[in-house]
> 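One structure, pasted below without further comment.
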Amino acid sequence: MLALAIKLVLAHAIGDFLFQPYTWVQHKETHKHKSKYLYWHILIHIVALIVVLQFNFQYWLALIIIPVSHYIIDVIKLHLNTKMNPRLLFGLDQLAHLIIIALVVKIYQPYMVSISLLFQPKTLLFLTCLLGVTKASSIVMRTIISKWDLSEYNKDTTLEDAGAYIGILERLFVFMFIITNHWEGVGFLITAKSVFRFSDLSKAKDRKLTEYILIGTLISFGLAIAFGLGYEYISSIIE
């Protein structure tokens, strides 16, 4: 089952990312279902499937279902392109393709999917910690550091919400390093962030920005470490 799933995902990656130039994407967005590149795109998916499946035509149903569904999903995406957030639309598009692949794998090699697995204590704990190191930690940090006013620093030179996204990503990395027992990764991340932050600190007019960055960094890493250690401890109790 796993081998077939990997082959189908590989074929999808080849067709959707490796052999789809950006000029094709632009042409499709402009001409939608009338774009010739949409059909070239589907043809590439068919060829990729045939090659990855090693010309084994016992999977003929996959060679029909996946390209046809891919065409339908892509047409829907192209027509929604100007009506939805492009990042959300991209995510939903890829999710739809992966669901189709999962259904095709199930046709050839039936497997059980139990919703009850989502409600296992360890799964719920993991989801809770993920929520904690992302959204909850962001709110906690914003509440703590809101007492300091740094409006004197020009925000026009920074990307919108970049700091929040950086914080979420760094906490996710720290959390995953801890629960996989790779503490050296935490040290590497702290070092990497220090290097990138050096220019900010060296350009600071006074100690205020330096202290602000250090406080934010320590709180962010502290929360991630707390959630990581908490996950490890509670997981050992559950087991």
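By convention here, the first residue in the shown sequence is residue 1.
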> Answer yes or no: are there more than 12 heavy-atom neighbours, outside Gln54 itself, under 6.0 Å from its atom CD?
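Counting neighbours around CD of Gln54, 12 or fewer heavy atoms of other residues, nucleotides or ligands fall under 6.0 Å, so no.
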> Is the side chain of His182 donor-acceptor paired with the backbone N or O of Thr180 at a distance under 3.5 Å, no angle test?
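Between the backbone of Thr180 and the side chain of His182 there is a qualifying donor-acceptor contact (under 3.5 Å).
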> Apply side-chain contact (heavy atoms from CB on, under 4.5 Å) to the pair Ile178 and Tyr231, showing each step before the final yes or no.
CA-CA 9 Å; Ile178 292 174; Tyr231 175 83; over 6 Å; no
> To check you understand the geometry: which heavy-atom pair defines the closest contact between Cys129 and Phe175, and what is its length?
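For Cys129 versus Phe175, the nearest heavy atoms are CB-CZ, 3.5 Å.
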> As an exercise, state the distance from NE2 of His97 to CG of Leu92, rounded to the nearest 0.5 Å.
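The NE2 atom of His97 sits 11.0 Å away from the CG atom of Leu92.
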> Is a donor on one side and an acceptor on the other found under 3.5 Å between the side chain of Lys135 and the backbone of Gly132?
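Not confirmed, Lys135 side chain does not pair with Gly132 backbone.
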> Any chance CH2 of Trp24 has more than 12 other-residue heavy atoms, nucleotides or ligands included, within less than 6.0 Å?
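Yes, CH2 of Trp24 has more than 12 neighbouring heavy atoms, counting only those of other groups under 6.0 Å.
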> For Gly167 and Ser220, work out which heavy atoms get closest and say how close.
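For Gly167 versus Ser220, the nearest heavy atoms are O-OG, 3.9 Å.
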> Quick one: closest heavy-atom pair of Tyr111 and Ala102, and the distance?
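Answer, listing the atom of Tyr111 first, then Ala102: OH-O, 2.8 Å.
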> So does His31 get a backbone contact from the side chain of Ser35, meaning a donor-acceptor N/O pair under 3.5 Å?
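Checked: no pair found.
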> Evaluate Leu53 against Trp60 for side-chain contact (heavy atoms from CB on, under 4.5 Å), listing each step before the verdict.
CA-CA 10 Å; Leu53 292 173; Trp60 62 271; over 6 Å; no
> Which atoms form the tightest heavy-atom contact between Ala48 and Ala11, and what is the distance?
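Closest approach of Ala48 to Ala11, heavy atoms only: CB-O, 3.9 Å.
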> Within a strict 4.5 Å, meaning less than it, do heavy atoms of the Arg171 and Phe221 side chains meet?
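In short, these two side chains do not touch, never coming nearer than 4.5 Å.
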> If we ignore hydrogens and angles and just use 3.5 Å, is the side chain of Thr123 paired with the main-chain N or O of Phe119 as donor and acceptor?
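Absent.
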> As an exercise, state the distance from CG of Leu229 to CD1 of Ile179, rounded to the nearest 0.5 Å.
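If we round to the nearest 0.5 Å, Leu229:CG and Ile179:CD1 are 11.5 Å apart.
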> Is Phe55 linked to Val104 within one hydrophobic cluster, defined over Ile, Leu, Val, Met, Phe, Trp and Tyr using a side-chain heavy-atom separation of less than 4.5 Å?
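Same hydrophobic cluster.
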> Out of curiosity, Phe227 CZ to Phe126 CZ, how far, rounded to the nearest 0.5 Å?
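Between Phe227 CZ and Phe126 CZ, I get 13.0 Å after rounding to 0.5 Å.
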> Is there a donor-acceptor contact under 3.5 Å from the side chain of Tyr59 to the main chain of Tyr108?
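Checked: no pair found.
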> Under 3.5 Å, is there a donor on one side chain and an acceptor on the other for His45 and His70?
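Distance-only check passes for His45 and His70.
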> Please check this pair: side chain of Tyr39 against backbone of His33, looking for a donor-acceptor N/O pair closer than 3.5 Å.
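Checked: pair present.
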> Answer yes if Leu43 and Val25 sit in the same cluster of Ile, Leu, Val, Met, Phe, Trp and Tyr residues linked by side chain heavy atoms under 4.5 Å apart, and no otherwise.
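Per the 4.5 Å side-chain linkage, Leu43 and Val25 are not co-clustered.
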> Ignoring hydrogens and angles, state whether a donor on the side chain of Asp16 or Gln94 is under 3.5 Å from an acceptor on the partner side chain.
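Their side chains do contain a donor-acceptor pair, which is all the 3.5 Å distance test asks for.
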> Please answer: with hydrophobic residues joined when any side-chain heavy atoms are less than 4.5 Å apart, are Phe173 and Ile219 in the same cluster?
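No.
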> Between Leu8 and Ile100, is there shared hydrophobic-cluster membership here, with clusters defined by ILVMFWY side-chain heavy atoms closer than 4.5 Å?
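Looking at the clustering, Ile100 is in the same group as Leu8.
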> Could you tell me if the side chain of Asn81 sits less than 4.5 Å from the side chain of Lys32, heavy atoms only?
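They are not in side-chain contact.
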> Indicate, with yes or no, if Ile44 and Phe17 share a hydrophobic cluster defined by side-chain heavy-atom contacts under 4.5 Å among Ile, Leu, Val, Met, Phe, Trp and Tyr.
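Each belongs to a different hydrophobic cluster.
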> Heavy-atom distance under 4.5 Å between the side chains of Val174 and Leu223, does that happen here?
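Answer no - side chains too far apart.
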> Can you name the nearest heavy-atom pair linking His41 to Gly15, along with the distance?
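In this case the closest contact between His41 and Gly15 is CE1-O, 3.2 Å.
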> Lys77 side chain to Phe90 main-chain N or O, any donor-acceptor pair under 3.5 Å?
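No; judged by distance alone, with no hydrogens or angles, the pair does not exist.
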> Working to the nearest 0.5 angstrom, can you tell me the gap between Ile6 CD1 and Ile101 CD1?
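Atom-to-atom, Ile6:CD1 and Ile101:CD1 are 12.0 Å apart.
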> Under 6.0 Å between ring centres: does that hold for Phe188 and Phe177?
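Ring centres of Phe177 and Phe188 not closer than 6.0 Å.
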> Which value, rounded to the nearest 0.5 Å, describes the distance between Lys7 atom NZ and Leu10 atom CG?
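Answer for the NZ-CG pair, Lys7 versus Leu10, is 10.0 Å.
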> Nearest 0.5 Å please: distance from the NZ atom of Lys147 over to the CD1 atom of Ile215.
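Going from NZ on Lys147 over to CD1 on Ile215, the span is 8.5 Å.
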> Which residue is it: Ile190, Leu189, Val133? I am looking for the one with a side-chain contact (heavy atoms from CB on, under 4.5 Å) to Glu170.
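Of the listed residues Ile190, Leu189, Val133, the side-chain contact (heavy atoms from CB on, under 4.5 Å) partner of Glu170 is Leu189.
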> Within the structure provided, determine whether Ile76 and Asp93 are in side-chain contact (heavy-atom separation under 4.5 Å).
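A side-chain contact is absent here, since even the closest heavy-atom pair is not under 4.5 Å.
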> Quick check: do Leu103 and Ile65 have side-chain heavy atoms less than 4.5 Å from each other?
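A side-chain contact is absent here, since even the closest heavy-atom pair is not under 4.5 Å.
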> Check for me whether the distance between the ring centres of Tyr37 and His27 falls short of 6.0 Å.
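Centroid distance Tyr37-His27: below 6.0 Å, so yes.
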> Just do the side-chain contact (heavy atoms from CB on, under 4.5 Å) check on Lys28 and Asp74 with the steps written out, would you?
CA-CA 9 Å; Lys28 289 193 300 178; Asp74 276 15; 4.0 Å; yes
> Donor-acceptor pair, Thr134 side chain versus Leu130 backbone, under 3.5 Å?
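At least one qualifying donor-acceptor pair exists.
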